[in-house]
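Heads up: the structure comes next, in structure tokens.
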Amino acid sequence: MSAVNYTKFNSAVFLLTGIPGQEDIQNLWIPVPLFLIYVISILGNSVILFIIKTDPSLHEPMYIFLSMLAITDLGLLIATIPTILGIFLFNSREISFDACFAQLFFIQSLQCIESSVLLLMAFDRFVAIRDPLRYASILTLPRIAKMGLVCVLRGVAVILPLPLLVKWFQYCRTNVLSHAYCLHMEVMTMACADITVNNIYGLFITVLTVGLDWLLIFLSYVMILKTVLSIASHREFFRALNTCVSHLCAVLLFYTPEFSLTLIHRFGNGSSPLLQIVLGYIYLLVPPLINPIVYSVKSKHLRSRIIRVFVK
């Protein structure tokens, strides 16, 4: 009877994990830094959104794209707060299948949308440097709105099949996930069924979205570099490159852990589980924390507006 009840229990929920083997550190030292990361990240992105919305001088393409990035980062924070802080603060490990699939969808669709926004920001820098006289006429507000809508629709459309596919599987194992949140790459391995379709589709959308976006961003910077190398003045050369520093930091923060985690999940069977878990937290929590700081430091206009608000 106990075995039957255990099977039914596991068929109803997944069990999330904080940091396996590090329970002492997890209970003493991890909750406070994690809580602070969430607070700082939410405040930082919210302040940027507030400043851009209330200051008409910042209603320019670059800052509108930055506000899109901030909204996406806030969405990721909200999607992960219940389970990550639930585990580290309250040791709440259980998550129902439906809640897990919903979290899976929001995390991965928002990651896809963020990748698209980073691509738009690369296009914005390319147009600003390559053709500054036509910059405002090319990136008009209606066109930016359409670009943003396409990013959202693409993220939803390509990720929506993932929770639908895993929802139809039967789960008869222990169902203990190694992270404090749900990801498709791990959830599908819990199924007692053939997951070939999920593997192929997951790899396909990774290449189609994140891989394609990264390639187009790389090509954008090749064209930007080609353009700035033709500038005769060293001062203008460095000034043009300086406008790209914040975006390059955002790109590296997003794609480095993204690609590393994808490769480890698919090909790194002998890799350290702790490395996977640490990369997983970096992948979700570091970009929303660092992006507002980098853009606030590098953008004089944004920095001055933020200082003015807090000085008052």
Side-chain angles (χ1 to χ4, degrees), residues 14 65 68-69 71-73 75-80 83 97-123 146-169 171 177-179 181-191 193-220 250-269 271 276 279-288:
F14 286 113
F65 289 129
M68 292 181 185
L69 185 67
I71 291 171
T72 307
D73 283 339
L76 279 169
L77 293 169
I78 293 169
T80 57
T83 54
F97 277 16
D98 288 338
C100 184
F101 299 152
Q103 186 183 52
L104 177 158
F105 168 74
F106 282 113
I107 289 176
Q108 305 214 214
S109 60
L110 286 166
Q111 286 286 328
C112 181
I113 293 169
E114 181 154 347
S115 178
S116 302
V117 171
L118 289 172
L119 175 58
L120 294 183
M121 296 174 84
F123 178 68
K146 291 176 183 177
M147 290 177 176
L149 180 60
V150 169
C151 290
V152 173
L153 291 177
R154 186 183 77 150
V156 171
V158 300
I159 299 299
L160 186 59
L162 294 182
L164 297 179
L165 285 171
V166 294
K167 186 177 177 63
W168 290 106
F169 289 148
Y171 296 90
L177 303 177
S178 61
H179 295 83
Y181 50 87
C182 296
L183 289 177
H184 173 257
M185 289 179 289
E186 186 174 18
V187 170
M188 68 178 181
T189 62
M190 299 290 105
D194 184 4
I195 60 172
T196 303
V197 173
N198 291 67
N199 261 319
I200 294 173
Y201 184 72
L203 183 60
F204 170 74
I205 63 172
T206 299
V207 173
L208 181 65
T209 56
V210 176
L212 180 61
D213 292 345
W214 181 88
L215 178 61
L216 292 175
I217 290 172
F218 175 76
L219 293 175
S220 297
V251 168
L252 290 174
L253 285 170
F254 179 81
Y255 286 106
T256 302
E258 167 87 13
F259 284 136
S260 301
L261 196 60
T262 300
L263 290 173
I264 287 174
H265 270 291
R266 295 190 180 278
F267 308 111
N269 294 328
S271 63
Q276 296 183 30
L279 277 175
Y281 289 117
I282 292 173
Y283 159 80
L284 286 178
L285 300 181
V286 171

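This structure is a prediction, so every number in the text was calculated from the model and none was measured.
- Taking CG from Leu279 and OG1 from Thr256, the interatomic distance works out to 10.0 Å, rounded to the nearest 0.5 Å.
- Under the rule for a side-chain hydrogen bond (donor to acceptor under 3.5 Å, both in side chains), Tyr181 has no partner lying at least two apart in sequence or in another chain.
- Residues Val150 and Lys146 form no side-chain contact, since every pair of their non-hydrogen atoms from C-beta on lies 4.5 Å or further apart.
- For the pair Leu104 and Pro163, the minimum side-chain heavy-atom distance is below 4.5 Å.
- To the nearest 0.5 Å, atoms CG (Leu183) and CD (Gln103) are separated by 8.0 Å.
- Side-chain contact between Ile205 and Leu162: present, with at least one pair of heavy atoms (C-beta onward) separated by less than 4.5 Å.
- Taking CG of Asp73 as the start and CG of Leu284 as the end, the distance is 10.5 Å to the nearest 0.5 Å.
- Looking at residues two or more places apart in sequence or on another chain, you find a side chain to side chain contact (heavy atoms under 4.5 Å, CB included) between Phe204 and Tyr201, Leu208.
- A distance-only check finds no donor-acceptor pair linking the side chain of Glu186 to the backbone of Leu177 [under 3.5 Å].
- Within a 6.0 Å radius of CZ in Phe106, other residues, nucleotides and ligands contribute 12 heavy atoms or fewer.
- Between Tyr171 and Phe97, the ring planes lie perpendicular to each other; the angle is over 60°, past the 30° to 60° tilted range.
- Taken to the nearest 0.5 Å, the CG atom of Leu69 stands 10.5 Å off from the CG atom of Leu120.
- Side-chain N or O atoms of Thr80 include one that pairs as donor or acceptor with a backbone N or O of Leu77 at under 3.5 Å.
- Taking CG from Leu76 and OG from Ser109, the interatomic distance works out to 8.5 Å, rounded to the nearest 0.5 Å.
- At distances below 3.5 Å, at least one donor-acceptor pair connects side-chain atoms of Gln108 with backbone N or O atoms of His184.
- Identified under the salt bridge (charged side-chain N to carboxylate O under 4.0 Å, His left out) test for residues 204-214, with sequence neighbours left out: Arg154-Asp213.
- Two residues are said to be in side-chain contact when any heavy atoms from C-beta on lie closer than 4.5 Å; Phe101 and Leu164 fail this criterion.
- Aromatic ring centres of Phe123 and Phe65: separated by at least 6.0 Å.
- Ser115 places no side-chain N or O within 3.5 Å of a backbone atom of Gln111 that could act as its donor or acceptor partner.
- Side chains of Phe169 and Val187 form no contact here, defined as non-hydrogen atoms less than 4.5 Å apart.
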